[in-house]
Protein chains: 2
Amino acid sequence: MPRSSRFSVALHVLTHLADTAQPLTSERLAGCVGTNAVVVRRTLAGLREAGLVASSSGPGGGWSLARDPSRVSLQDVYTGLGERLLNGIDVTGPGVRRAPGGSCRIQRAVAGTLDEFLADAEQLLAARLARITVADLAAQLGPSALPRHHSRAG
Amino acid sequence: MPRSSRFSVALHVLTHLADTAQPLTSERLAGCVGTNAVVVRRTLAGLREAGLVASSSGPGGGWSLARDPSRVSLQDVYTGLGERLLNGIDVTGPGVRRAPGGSCRIQRAVAGTLDEFLADAEQLLAARLARITVADLAAQLGPSALPRHHSRAG
DNA sequence: CCAATCTGTAACTATGTATGTTACATGCCA
DNA sequence: TGGCATGTAACATACATAGTTACAGATTGG
């Protein structure tokens with residue numbers, strides 16, 4: 001199962017970032033998530049282009065959120081990653097590789113119907129993802145769960 | 001990920017079956033779809049258990065629809081195949097293989113939220129698939145498009 | 001009962017995709 | 001300049017899906 005874990009990794013990392021004020025290195029994040037630093041960089045590269053996170057080089061550098069967590073929806077993440085939730089479906093079927101001309105009308109009817117359905121479904125799911133934010137994920141940890149640096153007036 | 005063409009293959013085959021009265025062999029169907037006879041049998045095995053199609057051995061045997069095409073929804077097919085439309089998403093992430101105990105609370109929060117979302121989404125998509133039937137697919141071919149064996153007087 | 005036809009299924013191969021890993025170039029700060 | 005961190009290419013590994021071969025079981029017709 002090469003099931004993509006990029007979405008899960010991205011959310012895990014983003015929630016970590018939402019929970020601290022200082023930048024976190026790829027190495028550190030990889031340790032938290034249970035993967036490799038390069039994988040973290042690869043995953044976060046898309047989110048950086050989407051303006052969700054920022055990265056800085058040099059000592060003390062690393063990754064940090066570019067927006068307030070409540071402004072980062074799961075749809076933003078999903079779009080930034082450039083993934084398709086419904087990617088596991090081959091609309092055209094195996095025959096197209098052999099006879100790209102479209103073997104019969106039935107094949108085209110099936111492909112058309114599936115295409116339409118998938119496009120519709122993608123929109124539907126995206127709308128649902130838009131309702132959830134990284135702040136919602138962080139809130140599940142409890143307000144006092146992790147050490148915050150300046151969240152409360154003292 | 002290797003995109004599954006099973007759904008597409010199944011719909012293609014079912015539409016073929018909806019368009020003829022006599023049973024069609026796996027070999028013949030495989031030729032239409034552009035794949036192998038064994039693949040057709042593997043795919044249709046699930047649909048047979050679901051009561052959508054019937055198979056018969058021996059000369060003159062093959063596959064045929066077990067219900068009227070208008071009674072076979074895409075949800076029936078999808079369920080019969082035992083596939084998950086949203087299977088391409090790894091909810092837990094890569095860390096679980098290494099530290100199955102659940103490394104941190106964040107991982108569990110992400111997994112829980114994603115699980116909930118995916119379950120919700122699956123239901124949503126299934127409901128949409130229930131609206132489309134194999135008869136709808138066959139109707140896209142036009143009533144006189146394919147040679148029927150006893151549709152016309154003459 | 002035998003031969004031909006077709007399904008049912010296990011076992012193996014081939015292939016594509018995601019991830020893990022290594023290596024090296026680039027940028028930032030003291 | 002030296003140390004730390006990102007950026008990315010290149011290669012290795014893992015795994016799911018599809019393709020293929022082989023053979024067992026079931027049905028039809030002489």
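Numbered from 1 within each chain, the chains take letters A, B, ... in sequence-line order. All values below come from the heavy atoms of this structure, side chains included, with hydrogens, waters and symmetry mates left out.
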How do B/V39 and A/S55 order along DNA chain D: which one's closest nucleotide is nearer the 5' end?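 The 5'-side residue here is A/S55.
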5′-ward residue of the pair B/E83/B/G58 relative to DNA chain D: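 Nearest nucleotide further toward 5': that of B/E83.
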Could you check how far [atom1] of [X] sits from [atom2] of [N], rounded to whole Å?
X     : N      : atom1 : atom2 : answer
A/E27 : C/dT21 : CD    : C1'   : 12 Å
A/I89 : C/dT17 : CD1   : P     : 15 Å
A/L24 : D/dT6  : CG    : C1'   : 14 Å
A/L47 : D/dG7  : CG    : P     : 12 Å
A/R84 : C/dA18 : CZ    : P     : 14 Å
B/L29 : C/dC6  : CG    : P     : 12 Å
A/L81 : C/dA18 : CG    : P     : 12 Å
B/R28 : C/dC6  : CZ    : P     : 12 Å

A/W63 and side chain to side chain contact (heavy atoms under 4.5 Å, CB included): which partner among A/L14, A/L29, A/V13, A/T25?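 Exactly one option meets the side chain to side chain contact (heavy atoms under 4.5 Å, CB included) with A/W63, and it is A/L29.
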What's the closest nucleotide to the [X] side chain, out of [options]?
X     : options                : answer
B/S4  : D/dT21, D/dA18, C/dT22 : D/dA18
A/N36 : C/dG20, D/dT17, D/dA18 : C/dG20
A/P59 : D/dC4, C/dT21, D/dT17  : D/dC4
A/R42 : D/dA10, C/dT7, C/dT22  : D/dA10
A/S57 : C/dC28, C/dG8, C/dA18  : C/dC28
A/W63 : D/dG7, C/dA11, C/dG8   : D/dG7

Are OP1 or OP2 of D/dG7 and a side-chain N or O of A/R41 less than 4.0 angstrom apart?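 No, because none of the side-chain N or O atoms of A/R41 sits under 4.0 Å from OP1 or OP2 of D/dG7.
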Kindly say if A/T35 contacts the phosphate of C/dG20, meaning a side-chain N or O under 4.0 Å from OP1 or OP2.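 Yes, within the criterion.
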Quick one: label B/R6 by what it contacts on the DNA or RNA (base, sugar-phosphate, nothing), any heavy atom closer than 4.0 Å.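 It contacts sugar-phosphate atoms only.
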Is it true that A/D76 and A/R67 have a side-chain N and a carboxylate O under 4.0 angstrom from each other?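 Looking at A/R67 together with A/D76, the answer is yes, because their closest N to O distance falls below 4.0 Å.
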I'd like to know if A/D90 and B/R6 make a salt bridge, using a cut-off of under 4.0 Å between side-chain N and carboxylate O.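 Between B/R6 and A/D90 there is no salt bridge, as every charged N stays at least 4.0 Å from the carboxylate O atoms.
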Common cluster, A/L85/A/V72, ILVMFWY with side-chain heavy-atom separation under 4.5 Å: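 Result: yes, single cluster for both.
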Is any N or O donor-acceptor pair between the side chain of A/R48 and the base of D/dG7 shorter than 3.5 Å?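 Per atom types, no contact qualifies.
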Taking every non-hydrogen atom, the tightest pair across A/L47 and A/V77: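 Closest heavy-atom pair between A/L47 and A/V77: CD2-O, 3.7 Å.
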DNA chain C: 5'-proximal contact among B/E49 and B/G60 (nearest heavy atom):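 Its nucleotide being nearer the 5' end, the pick is B/G60.
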When rounded to the nearest 0.5 angstrom, what distance separates CD in A/E27 from CG in A/N36?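 If we round to the nearest 0.5 Å, A/E27:CD and A/N36:CG are 7.5 Å apart.
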